[in-house]
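Single-structure report; data block below.
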Amino acid sequence: MSKISQQNTTTDANGVSVIHTPAHTSGLQQVPQLVPVSPGGGGKAVPPSKQGKKNSFVDRNSDEYRQRRERNNMAVKKSRLKSKQKAQDTLQRVNQLKEENERLEAKIKLLTKELSVLKDLFLEHAHSFADNVQPVGTETSTANPENSGQ
């Protein structure tokens, strides 16, 4: 038999064609393929898990419904609190980083001033040292006048 003759096609309530093929001999579970009914692909294919939820009637007075709603409400509250806490933590971190940045900028200014002062002192000392040093070879021989004539 060919592969095409082994397939069954059905259309569900949403107008989606579902192609069913027999399971492989390896024992794997068959997963239905979703294909739009119109050849132009006009509608979206809906997965099987979402197909029955829109049409099913929910009894809002049932205990199961109330429990699900309570669990959902608690989860929403928890999520919102977590989000709020994360925003507060981020704001606190931003403020800490701003303060640290201001301290570091003040330290940079102080160190820049100190560097300027030390540089000026060094240059002043270097100029005065250069003025006091005579070039080599122009020294006067006043240290030992006895040996200068011999």
(request) Give a yes or no on whether the backbone of A75 and the side-chain of S79 come within a donor-acceptor separation of less than 3.5 Å. (result) no
(request) Consider only side-chain N and O atoms of D89 and Q85, and report whether a donor and an acceptor are under 3.5 Å apart. (result) yes
(message) With a sphere of 6.0 Å drawn around CD of Q96, does it hold more than 12 non-hydrogen atoms of other residues, nucleotides or ligands?
(response) yes
(request) With the side chain counted from C-beta on, respond yes when Q88 and L91 share a heavy-atom pair under 4.5 Å apart, and no when they do not. (result) no
(request) Could you go through the side chain to side chain contact (heavy atoms under 4.5 Å, CB included) check for L121 and V117 one step at a time? (result) CA-CA 6 Å; L121 285 172; V117 168; 4.3 Å; yes
(message) If I take atom CG from residue L115 and atom CG from residue D120, how far apart are they, to the nearest 0.5 angstrom?
(response) 9.5 Å
(message) I need the F122 CZ to H127 NE2 distance, nearest 0.5 Å.
(response) 9.5 Å
(message) Working to the nearest 0.5 angstrom, can you tell me the gap between E70 CD and D63 CG?
(response) 9.5 Å
(message) Can you tell me how far apart CE (M74) and CG (N72) are? Round to the nearest 0.5 Å.
(response) 9.5 Å
(request) Quick one: pull up CD in E99 and CG in L104 and give me the separation to the nearest 0.5 Å. (result) 12.0 Å
(request) With rounding to the nearest 0.5 Å, note down the distance linking CD in E114 to NZ in K119. (result) 14.0 Å
(message) Has T112 got a side-chain atom pairing as donor or acceptor with I108's backbone, closer than 3.5 angstrom?
(response) yes
(message) If you apply the rule side chain to side chain contact (heavy atoms under 4.5 Å, CB included), what do you find for E105 with K109, and how did you get there?
(response) CA-CA 6 Å; E105 286 178 356; K109 286 181 182 180; 5.7 Å; no
